[in-house]
Asker: 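What follows is a structure written as C-alpha coordinates; I'll ask about it next.
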Amino acid sequence: MNVHFHPECATAGRRLPFDCVALVLQGGGALGAYQAGVYEALAEADIEPDWVAGVSIGAINAAIVAGNEPAARVGKLKSFWQQITANPLLDLITATAVTPTGDHARTLFNQISASYAVMAGSMGFFGLRLPPPWLQPNGSLGATSYYETKQLKSTLERLVDFDRINAGAMRFSVGAVNVRTGNFVYFDNQEHTIRPEHVIASGALPPGFPAVEIDGEFYWDGGLISNTPLQWVVEQGARQDTLAFQIDLWSARGELPGNLADVVMRQKEIQYSSRTRANTDQFKKSQRARKTLGGLLAKLPPDLLASEEACALRSMADDHVYSLVHLIYRGRHHEGHSKDFEFSRLSMEEHWRAGYHDAVRTLRHPEALQRPRNLEGVSTFDLTVDGRE
(Lines give C-alpha, C1' and ligand atoms only; values in the text may rest on other atoms or scores of the structure.)
Protein backbone atom coordinates (compact mmCIF):
# COMPACT_ATOMS: atom_id res chain seq x y z
CA MET A 1 0.00 0.00 0.00
CA ASN A 2 1.49 3.35 -0.93
CA VAL A 3 0.94 6.82 0.39
CA HIS A 4 -1.48 7.86 -2.35
CA PHE A 5 -4.44 6.30 -0.56
CA HIS A 6 -3.94 8.73 2.32
CA PRO A 7 -4.82 12.34 1.42
CA GLU A 8 -3.01 13.67 4.47
CA CYS A 9 0.30 12.43 3.07
CA ALA A 10 2.26 14.62 0.69
CA THR A 11 4.66 13.63 -2.06
CA ALA A 12 7.50 16.11 -2.64
CA GLY A 13 5.33 18.81 -1.07
CA ARG A 14 2.33 17.95 -3.26
CA ARG A 15 -0.78 16.07 -2.20
CA LEU A 16 -1.94 13.34 -4.56
CA PRO A 17 -5.71 13.05 -4.08
CA PHE A 18 -6.25 9.90 -6.11
CA ASP A 19 -7.21 6.31 -5.29
CA CYS A 20 -4.79 4.88 -7.85
CA VAL A 21 -1.51 5.97 -9.40
CA ALA A 22 -0.90 4.08 -12.64
CA LEU A 23 2.18 3.75 -14.81
CA VAL A 24 1.30 3.07 -18.48
CA LEU A 25 4.24 1.90 -20.60
CA GLN A 26 4.20 1.76 -24.39
CA GLY A 27 6.32 -0.60 -26.50
CA GLY A 28 9.36 0.61 -28.42
CA GLY A 29 12.33 -1.74 -28.05
CA ALA A 30 15.62 0.00 -27.31
CA LEU A 31 13.78 3.27 -26.64
CA GLY A 32 12.40 1.73 -23.44
CA ALA A 33 15.29 3.13 -21.40
CA TYR A 34 13.35 6.41 -21.57
CA GLN A 35 10.65 4.81 -19.39
CA ALA A 36 13.27 3.69 -16.88
CA GLY A 37 14.51 7.27 -16.63
CA VAL A 38 10.98 8.52 -16.02
CA TYR A 39 10.50 5.94 -13.29
CA GLU A 40 13.74 7.00 -11.59
CA ALA A 41 12.48 10.60 -11.40
CA LEU A 42 9.10 9.46 -10.06
CA ALA A 43 10.80 7.32 -7.42
CA GLU A 44 12.97 10.25 -6.32
CA ALA A 45 9.73 12.22 -5.87
CA ASP A 46 8.29 9.37 -3.75
CA ILE A 47 5.64 8.63 -6.37
CA GLU A 48 5.19 4.87 -6.51
CA PRO A 49 2.52 3.28 -8.73
CA ASP A 50 -0.36 1.13 -7.54
CA TRP A 51 -0.76 -0.29 -11.04
CA VAL A 52 1.73 -0.87 -13.85
CA ALA A 53 0.56 -1.81 -17.34
CA GLY A 54 2.82 -2.37 -20.30
CA VAL A 55 3.19 -3.70 -23.81
CA SER A 56 6.39 -5.16 -25.32
CA ILE A 57 9.45 -3.45 -23.77
CA GLY A 58 6.98 -1.64 -21.53
CA ALA A 59 5.91 -5.04 -20.21
CA ILE A 60 9.52 -5.85 -19.27
CA ASN A 61 10.00 -2.53 -17.49
CA ALA A 62 6.65 -3.02 -15.76
CA ALA A 63 7.66 -6.49 -14.56
CA ILE A 64 10.91 -5.16 -13.08
CA VAL A 65 9.00 -2.42 -11.23
CA ALA A 66 6.22 -4.68 -9.94
CA GLY A 67 8.57 -7.56 -9.19
CA ASN A 68 10.86 -5.71 -6.77
CA GLU A 69 10.55 -3.75 -3.56
CA PRO A 70 10.63 0.04 -4.07
CA ALA A 71 14.21 0.53 -2.91
CA ALA A 72 15.51 -2.01 -5.45
CA ARG A 73 13.56 -1.02 -8.56
CA VAL A 74 15.84 1.60 -10.09
CA GLY A 75 18.87 -0.60 -9.50
CA LYS A 76 17.22 -3.58 -11.17
CA LEU A 77 16.15 -1.43 -14.12
CA LYS A 78 19.76 -0.27 -14.49
CA SER A 79 20.99 -3.86 -14.33
CA PHE A 80 18.63 -4.86 -17.13
CA TRP A 81 19.47 -1.96 -19.41
CA GLN A 82 23.21 -2.20 -18.81
CA GLN A 83 23.13 -5.91 -19.57
CA ILE A 84 21.21 -5.73 -22.84
CA THR A 85 23.38 -2.84 -24.09
CA ALA A 86 26.69 -4.52 -23.27
CA ASN A 87 28.50 -4.74 -26.61
CA PRO A 88 32.20 -5.66 -26.83
CA LEU A 89 32.68 -3.99 -30.22
CA LEU A 90 30.96 -0.70 -29.42
CA ASP A 91 32.36 -0.59 -25.90
CA LEU A 92 35.84 -0.85 -27.42
CA ILE A 93 35.09 1.99 -29.86
CA THR A 94 33.82 4.34 -27.16
CA ALA A 95 36.65 3.36 -24.79
CA THR A 96 39.47 3.92 -27.28
CA ALA A 97 38.11 6.77 -29.39
CA VAL A 98 36.39 10.09 -28.89
CA THR A 99 32.66 9.72 -28.30
CA PRO A 100 31.00 10.36 -31.66
CA THR A 101 29.31 13.77 -31.86
CA GLY A 102 27.40 15.54 -34.57
CA ASP A 103 24.63 14.06 -36.69
CA HIS A 104 26.89 12.38 -39.28
CA ALA A 105 29.18 10.68 -36.74
CA ARG A 106 26.28 9.57 -34.55
CA THR A 107 24.29 8.32 -37.53
CA LEU A 108 27.25 6.12 -38.54
CA PHE A 109 27.76 4.91 -34.96
CA ASN A 110 24.07 4.10 -34.57
CA GLN A 111 24.00 2.24 -37.87
CA ILE A 112 26.94 0.10 -36.74
CA SER A 113 25.18 -0.57 -33.44
CA ALA A 114 21.88 -1.49 -35.09
CA SER A 115 23.67 -3.74 -37.59
CA TYR A 116 25.40 -5.51 -34.72
CA ALA A 117 22.02 -6.16 -33.07
CA VAL A 118 20.65 -7.54 -36.34
CA MET A 119 23.59 -9.91 -36.74
CA ALA A 120 24.29 -10.87 -33.12
CA GLY A 121 21.27 -9.90 -31.02
CA SER A 122 21.38 -8.28 -27.60
CA MET A 123 23.07 -9.82 -24.56
CA GLY A 124 20.55 -11.24 -22.09
CA PHE A 125 17.67 -10.38 -24.41
CA PHE A 126 17.66 -12.16 -27.78
CA GLY A 127 20.08 -14.01 -30.01
CA LEU A 128 20.31 -14.98 -33.66
CA ARG A 129 18.58 -18.27 -34.37
CA LEU A 130 20.93 -21.01 -35.59
CA PRO A 131 20.30 -22.71 -37.90
CA PRO A 132 18.29 -19.90 -39.53
CA PRO A 133 14.50 -20.24 -39.87
CA TRP A 134 14.55 -21.33 -43.53
CA LEU A 135 16.59 -24.40 -42.46
CA GLN A 136 14.21 -25.28 -39.63
CA PRO A 137 11.42 -27.88 -39.99
CA ASN A 138 8.20 -26.43 -41.34
CA GLY A 139 5.66 -25.98 -38.54
CA SER A 140 8.27 -25.59 -35.80
CA LEU A 141 8.64 -22.35 -33.84
CA GLY A 142 12.20 -22.14 -35.10
CA ALA A 143 10.88 -21.75 -38.64
CA THR A 144 8.84 -18.69 -37.69
CA SER A 145 11.40 -16.22 -36.33
CA TYR A 146 14.90 -14.88 -36.93
CA TYR A 147 15.82 -14.76 -33.23
CA GLU A 148 15.21 -16.77 -30.07
CA THR A 149 14.44 -15.29 -26.64
CA LYS A 150 15.66 -17.96 -24.20
CA GLN A 151 18.12 -15.44 -22.77
CA LEU A 152 15.28 -13.10 -21.84
CA LYS A 153 13.60 -15.75 -19.71
CA SER A 154 16.78 -16.20 -17.68
CA THR A 155 17.18 -12.42 -17.36
CA LEU A 156 13.61 -12.00 -16.09
CA GLU A 157 13.99 -14.82 -13.61
CA ARG A 158 17.11 -13.13 -12.23
CA LEU A 159 15.71 -9.60 -12.00
CA VAL A 160 12.01 -10.15 -11.25
CA ASP A 161 10.35 -11.72 -8.22
CA PHE A 162 7.24 -13.23 -9.79
CA ASP A 163 5.94 -14.32 -6.39
CA ARG A 164 5.85 -10.64 -5.48
CA ILE A 165 3.90 -9.80 -8.64
CA ASN A 166 1.40 -12.58 -7.98
CA ALA A 167 0.95 -11.52 -4.35
CA GLY A 168 -0.96 -8.58 -5.83
CA ALA A 169 0.32 -5.65 -3.76
CA MET A 170 0.66 -3.80 -7.07
CA ARG A 171 -1.67 -4.49 -9.96
CA PHE A 172 0.19 -5.71 -13.03
CA SER A 173 -1.08 -6.00 -16.63
CA VAL A 174 0.64 -6.81 -19.92
CA GLY A 175 -0.94 -6.97 -23.37
CA ALA A 176 -0.48 -9.63 -26.07
CA VAL A 177 -2.24 -10.95 -29.18
CA ASN A 178 -3.56 -14.48 -29.59
CA VAL A 179 -1.98 -15.71 -32.83
CA ARG A 180 -4.77 -18.13 -33.65
CA THR A 181 -7.80 -15.90 -32.93
CA GLY A 182 -6.24 -12.50 -33.52
CA ASN A 183 -7.79 -11.26 -30.27
CA PHE A 184 -6.01 -8.80 -28.00
CA VAL A 185 -5.71 -10.04 -24.41
CA TYR A 186 -4.32 -8.71 -21.15
CA PHE A 187 -2.54 -10.93 -18.68
CA ASP A 188 -3.43 -9.37 -15.33
CA ASN A 189 -2.33 -10.54 -11.88
CA GLN A 190 -5.91 -10.12 -10.66
CA GLU A 191 -6.94 -12.89 -13.02
CA HIS A 192 -3.78 -14.81 -13.94
CA THR A 193 -0.72 -16.27 -12.28
CA ILE A 194 2.00 -14.28 -13.99
CA ARG A 195 5.10 -16.10 -15.25
CA PRO A 196 8.05 -14.98 -17.39
CA GLU A 197 6.22 -16.33 -20.43
CA HIS A 198 3.46 -13.71 -20.08
CA VAL A 199 6.00 -10.90 -20.19
CA ILE A 200 7.95 -12.42 -23.07
CA ALA A 201 4.73 -12.96 -25.04
CA SER A 202 3.90 -9.26 -24.76
CA GLY A 203 7.17 -8.48 -26.57
CA ALA A 204 7.20 -11.32 -29.10
CA LEU A 205 7.13 -9.15 -32.22
CA PRO A 206 7.11 -11.24 -35.42
CA PRO A 207 8.95 -12.18 -37.51
CA GLY A 208 11.84 -11.25 -35.24
CA PHE A 209 10.68 -13.24 -32.22
CA PRO A 210 8.70 -16.47 -32.00
CA ALA A 211 5.22 -16.75 -30.57
CA VAL A 212 5.10 -17.79 -26.91
CA GLU A 213 2.95 -20.69 -25.76
CA ILE A 214 0.79 -20.10 -22.69
CA ASP A 215 -1.74 -22.72 -21.61
CA GLY A 216 -1.95 -24.24 -25.08
CA GLU A 217 -2.33 -20.95 -26.99
CA PHE A 218 0.35 -18.91 -28.74
CA TYR A 219 0.82 -15.16 -28.37
CA TRP A 220 2.61 -12.34 -30.16
CA ASP A 221 3.50 -8.76 -29.24
CA GLY A 222 0.49 -6.70 -28.13
CA GLY A 223 1.77 -3.79 -30.21
CA LEU A 224 0.38 -5.52 -33.32
CA ILE A 225 -3.04 -4.27 -32.25
CA SER A 226 -2.55 -1.64 -29.55
CA ASN A 227 0.83 -0.46 -28.33
CA THR A 228 -0.55 1.64 -25.46
CA PRO A 229 -2.41 0.02 -22.53
CA LEU A 230 -4.16 3.21 -21.41
CA GLN A 231 -7.66 2.01 -22.26
CA TRP A 232 -7.23 -1.09 -20.11
CA VAL A 233 -6.22 1.03 -17.12
CA VAL A 234 -9.01 3.60 -17.30
CA GLU A 235 -11.86 1.32 -18.33
CA GLN A 236 -11.22 -2.07 -16.72
CA GLY A 237 -11.88 -3.16 -13.16
CA ALA A 238 -13.38 -1.08 -10.38
CA ARG A 239 -13.63 2.58 -11.34
CA GLN A 240 -11.54 4.83 -9.14
CA ASP A 241 -9.98 8.28 -9.12
CA THR A 242 -6.84 7.69 -11.16
CA LEU A 243 -3.62 9.55 -11.88
CA ALA A 244 -1.99 7.86 -14.87
CA PHE A 245 1.54 8.53 -16.08
CA GLN A 246 1.49 7.52 -19.72
CA ILE A 247 5.05 7.03 -21.00
CA ASP A 248 5.11 6.81 -24.80
CA LEU A 249 8.11 5.95 -26.93
CA TRP A 250 6.64 6.96 -30.28
CA SER A 251 5.32 10.38 -31.20
CA ALA A 252 2.22 10.55 -33.37
CA ARG A 253 3.32 13.95 -34.62
CA GLY A 254 6.22 14.24 -37.03
CA GLU A 255 7.59 15.72 -40.21
CA LEU A 256 6.99 14.79 -43.83
CA PRO A 257 9.59 12.13 -44.80
CA GLY A 258 12.35 13.17 -47.19
CA ASN A 259 13.67 9.72 -48.14
CA LEU A 260 12.85 6.02 -47.79
CA ALA A 261 14.60 5.71 -44.42
CA ASP A 262 12.48 8.59 -43.13
CA VAL A 263 9.39 6.85 -44.48
CA VAL A 264 10.16 3.71 -42.47
CA MET A 265 10.72 5.76 -39.32
CA ARG A 266 7.55 7.79 -39.78
CA GLN A 267 5.53 4.63 -40.50
CA LYS A 268 6.70 3.15 -37.20
CA GLU A 269 5.84 6.33 -35.32
CA ILE A 270 2.31 6.42 -36.70
CA GLN A 271 1.73 2.69 -36.23
CA TYR A 272 3.09 2.34 -32.71
CA SER A 273 1.90 5.62 -31.24
CA SER A 274 -1.51 3.86 -31.20
CA ARG A 275 -3.55 7.02 -31.81
CA THR A 276 -2.95 8.03 -28.20
CA ARG A 277 -4.46 11.49 -28.44
CA ALA A 278 -7.53 10.31 -30.37
CA ASN A 279 -8.16 7.62 -27.75
CA THR A 280 -7.73 10.16 -24.95
CA ASP A 281 -10.20 12.54 -26.60
CA GLN A 282 -12.70 9.71 -27.01
CA PHE A 283 -12.30 8.75 -23.36
CA LYS A 284 -12.98 12.36 -22.35
CA LYS A 285 -16.25 12.34 -24.30
CA SER A 286 -17.30 9.00 -22.83
CA GLN A 287 -16.44 10.06 -19.30
CA ARG A 288 -18.40 13.29 -19.68
CA ALA A 289 -21.45 11.25 -20.73
CA ARG A 290 -20.99 8.92 -17.73
CA LYS A 291 -20.70 11.84 -15.31
CA THR A 292 -23.74 13.55 -16.86
CA LEU A 293 -25.71 10.32 -16.57
CA GLY A 294 -24.75 10.04 -12.91
CA GLY A 295 -25.95 13.58 -12.25
CA LEU A 296 -29.23 12.91 -14.03
CA LEU A 297 -29.88 9.71 -12.08
CA ALA A 298 -29.30 11.58 -8.83
CA LYS A 299 -32.24 13.87 -9.70
CA LEU A 300 -34.74 11.07 -10.30
CA PRO A 301 -37.54 10.48 -7.76
CA PRO A 302 -37.19 7.27 -5.72
CA ASP A 303 -39.77 5.31 -7.73
CA LEU A 304 -38.03 5.99 -11.03
CA LEU A 305 -34.59 5.44 -9.51
CA ALA A 306 -35.68 1.95 -8.46
CA SER A 307 -36.90 1.06 -11.95
CA GLU A 308 -35.23 -1.63 -14.02
CA GLU A 309 -34.14 0.93 -16.62
CA ALA A 310 -32.51 3.21 -14.03
CA CYS A 311 -30.71 0.26 -12.45
CA ALA A 312 -29.30 -0.70 -15.85
CA LEU A 313 -28.11 2.88 -16.45
CA ARG A 314 -26.59 3.17 -12.98
CA SER A 315 -23.88 0.66 -13.88
CA MET A 316 -22.81 2.95 -16.74
CA ALA A 317 -22.63 6.14 -14.65
CA ASP A 318 -19.32 7.24 -13.20
CA ASP A 319 -18.37 10.32 -11.20
CA HIS A 320 -14.68 9.49 -10.72
CA VAL A 321 -11.89 11.69 -12.06
CA TYR A 322 -8.91 10.82 -14.23
CA SER A 323 -5.73 12.83 -14.67
CA LEU A 324 -3.42 11.74 -17.50
CA VAL A 325 0.18 12.93 -17.41
CA HIS A 326 1.69 12.31 -20.82
CA LEU A 327 5.43 12.00 -21.42
CA ILE A 328 6.64 11.22 -24.94
CA TYR A 329 10.15 10.44 -26.10
CA ARG A 330 11.20 12.91 -28.78
CA GLY A 331 13.64 11.21 -31.13
CA ARG A 332 16.79 12.85 -32.43
CA HIS A 333 17.43 13.18 -36.13
CA HIS A 334 20.54 10.99 -36.10
CA GLU A 335 18.64 8.01 -34.68
CA GLY A 336 16.80 7.13 -37.87
CA HIS A 337 14.47 4.20 -38.51
CA SER A 338 16.58 1.71 -36.52
CA LYS A 339 16.25 3.54 -33.20
CA ASP A 340 14.06 0.80 -31.69
CA PHE A 341 16.69 -1.90 -32.26
CA GLU A 342 19.85 0.17 -31.75
CA PHE A 343 21.12 -1.19 -28.43
CA SER A 344 24.30 0.80 -27.80
CA ARG A 345 25.18 1.83 -24.24
CA LEU A 346 25.61 5.40 -25.48
CA SER A 347 22.07 5.67 -26.86
CA MET A 348 20.59 3.86 -23.86
CA GLU A 349 22.09 6.40 -21.48
CA GLU A 350 20.78 9.24 -23.63
CA HIS A 351 17.28 7.77 -23.63
CA TRP A 352 17.42 7.24 -19.86
CA ARG A 353 18.53 10.82 -19.23
CA ALA A 354 15.82 12.17 -21.54
CA GLY A 355 13.12 10.32 -19.59
CA TYR A 356 14.53 11.44 -16.26
CA HIS A 357 14.74 15.10 -17.23
CA ASP A 358 11.31 15.14 -18.90
CA ALA A 359 9.76 13.73 -15.73
CA VAL A 360 11.62 16.16 -13.47
CA ARG A 361 10.46 19.10 -15.60
CA THR A 362 6.89 17.80 -15.56
CA LEU A 363 6.83 17.39 -11.78
CA ARG A 364 7.86 21.03 -11.35
CA HIS A 365 4.31 21.95 -12.38
CA PRO A 366 1.83 21.44 -9.50
CA GLU A 367 -1.13 21.24 -11.90
CA ALA A 368 0.22 17.97 -13.31
CA LEU A 369 -0.74 16.18 -10.09
CA GLN A 370 -4.03 17.95 -9.32
CA ARG A 371 -7.54 16.58 -9.66
CA PRO A 372 -9.47 17.64 -12.78
CA ARG A 373 -12.02 20.39 -12.28
CA ASN A 374 -13.73 20.26 -15.68
CA LEU A 375 -17.14 18.82 -16.53
CA GLU A 376 -15.90 15.50 -17.91
CA GLY A 377 -13.61 14.89 -14.93
CA VAL A 378 -10.64 14.13 -17.21
CA SER A 379 -7.53 16.28 -17.56
CA THR A 380 -4.34 15.80 -19.55
CA PHE A 381 -0.93 17.32 -18.93
CA ASP A 382 1.72 17.33 -21.63
CA LEU A 383 4.63 19.67 -21.07
CA THR A 384 5.55 19.94 -24.74
CA VAL A 385 2.16 20.19 -26.41
CA ASP A 386 0.66 22.54 -23.84
CA GLY A 387 3.60 24.91 -24.34
CA ARG A 388 4.35 25.30 -20.68
CA GLU A 389 8.09 25.34 -21.37
Side-chain angles (χ1 to χ4, degrees), residues 23-38 52-62 84 110 114 117-118 122 125-126 145-147 173-177 179 182 184-186 199-209 211 219-233 244-257 260-283 324 326-333 335-343 347-348 351 354-355 358 382 384-385:
L23 191 60
V24 181
L25 305 177
Q26 195 178 76
L31 302 176
Y34 178 84
Q35 297 171 341
V38 170
V52 288
V55 170
S56 198
I57 196 66
I60 295 175
N61 284 330
I84 70 171
N110 285 21
V118 169
S122 171
F125 192 175
F126 62 93
S145 69
Y146 292 108
Y147 304 94
S173 312
V174 293
V177 176
V179 178
F184 191 89
V185 299
Y186 271 98
V199 180
I200 298 171
S202 183
L205 184 65
F209 300 156
Y219 297 90
W220 273 335
D221 192 309
L224 291 175
I225 292 180
S226 177
N227 199 36
T228 306
L230 178 64
Q231 187 175 12
W232 178 260
V233 169
F245 290 91
Q246 181 177 327
I247 319 303
D248 287 358
L249 303 177
W250 302 96
S251 175
R253 301 184 181 187
E255 299 178 357
L256 187 68
L260 286 178
D262 290 346
V263 169
V264 174
M265 180 176 67
R266 189 72 193 114
Q267 178 263 329
K268 286 183 178 181
E269 290 174 339
I270 293 172
Q271 177 181 356
Y272 293 123
S273 63
S274 295
R275 301 180 68 249
T276 293
R277 298 191 190 286
N279 291 336
T280 300
D281 290 343
Q282 181 59 44
F283 176 69
L324 311 178
H326 201 186
L327 293 101
I328 310 174
Y329 175 67
R330 309 288 175 178
R332 302 183 181 187
H333 188 266
E335 290 182 298
H337 70 280
S338 61
K339 60 185 177 182
D340 54 329
F341 59 92
E342 193 272 293
F343 287 92
S347 293
M348 181 275 287
H351 297 151
D358 283 356
D382 186 328
T384 303
V385 172

Asker: I would like to know whether Asp382 and Ile328 meet side chain to side chain contact (heavy atoms under 4.5 Å, CB included); could you show each step before the answer?
Answerer: CA-CA 9 Å; Asp382 186 328; Ile328 310 174; 3.8 Å; yes
Asker: Would you confirm whether Trp232, through its side chain, and Val174, through its main-chain N or O, come within 3.5 Å as a donor-acceptor pair?
Answerer: no
Asker: Would you please name every residue forming a side-chain hydrogen bond (donor to acceptor under 3.5 Å, both in side chains) with Glu269, sequence neighbours left out?
Answerer: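 Counting only residues at least two positions away or on another chain, Glu269 forms a side-chain hydrogen bond (donor to acceptor under 3.5 Å, both in side chains) with Arg266, Lys339.
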Asker: Is the ring pair Phe343/Phe125 parallel, tilted or perpendicular, if the boundaries are 30 and 60 degrees?
Answerer: perpendicular
Asker: If we only count heavy atoms from C-beta on, is the Asn110 to Ser347 side-chain gap below 4.5 Å?
Answerer: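 They are in side-chain contact.
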Asker: Do you know the tightest heavy-atom contact between Pro229 and Val55?
Answerer: CD-CG2, 4.1 Å
Asker: The criterion is side-chain hydrogen bond (donor to acceptor under 3.5 Å, both in side chains); which residues satisfy it with Ser122, sequence neighbours excluded?
Answerer: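 Counting only residues at least two positions away or on another chain, Ser122 forms no side-chain hydrogen bond (donor to acceptor under 3.5 Å, both in side chains).
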Asker: Does the pair Ile200 and Phe209 meet the rule for a side chain to side chain contact (heavy atoms under 4.5 Å, CB included), with working shown?
Answerer: CA-CA 10 Å; Ile200 298 171; Phe209 300 156; over 6 Å; no
Asker: Are the side chain of Asp358 and the backbone of Leu327 linked by a donor-acceptor contact shorter than 3.5 Å?
Answerer: no
Asker: Of all residues at least two apart in sequence or in a different chain, which pass the ring-ring contact (aromatic ring centres under 6.0 Å, His included) check with His326?
Answerer: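 Listed in chain order: nothing, the list is empty.
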Asker: With sequence neighbours excluded, tell me which residues meet side-chain hydrogen bond (donor to acceptor under 3.5 Å, both in side chains) with Ser202.
Answerer: none
Asker: Which heavy-atom pair separates Thr228 from Val24 by the least distance, and what is that distance?
Answerer: CG2-CG1, 4.4 Å
Asker: May I ask you to decide if Asn227's main-chain N or O and Gln26's side chain share a donor-acceptor pair within less than 3.5 Å?
Answerer: no
Asker: OH of Tyr146: more than 12 outside heavy atoms within 6.0 angstrom?
Answerer: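 No, not enclosed.
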Asker: For Tyr219, check ring-ring contact (aromatic ring centres under 6.0 Å, His included) against everything at least two apart and list the hits.
Answerer: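 Phe187.
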Asker: So, using ring-ring contact (aromatic ring centres under 6.0 Å, His included) as the criterion, who are the partners of Tyr147 when residues are at least two apart?
Answerer: Phe126
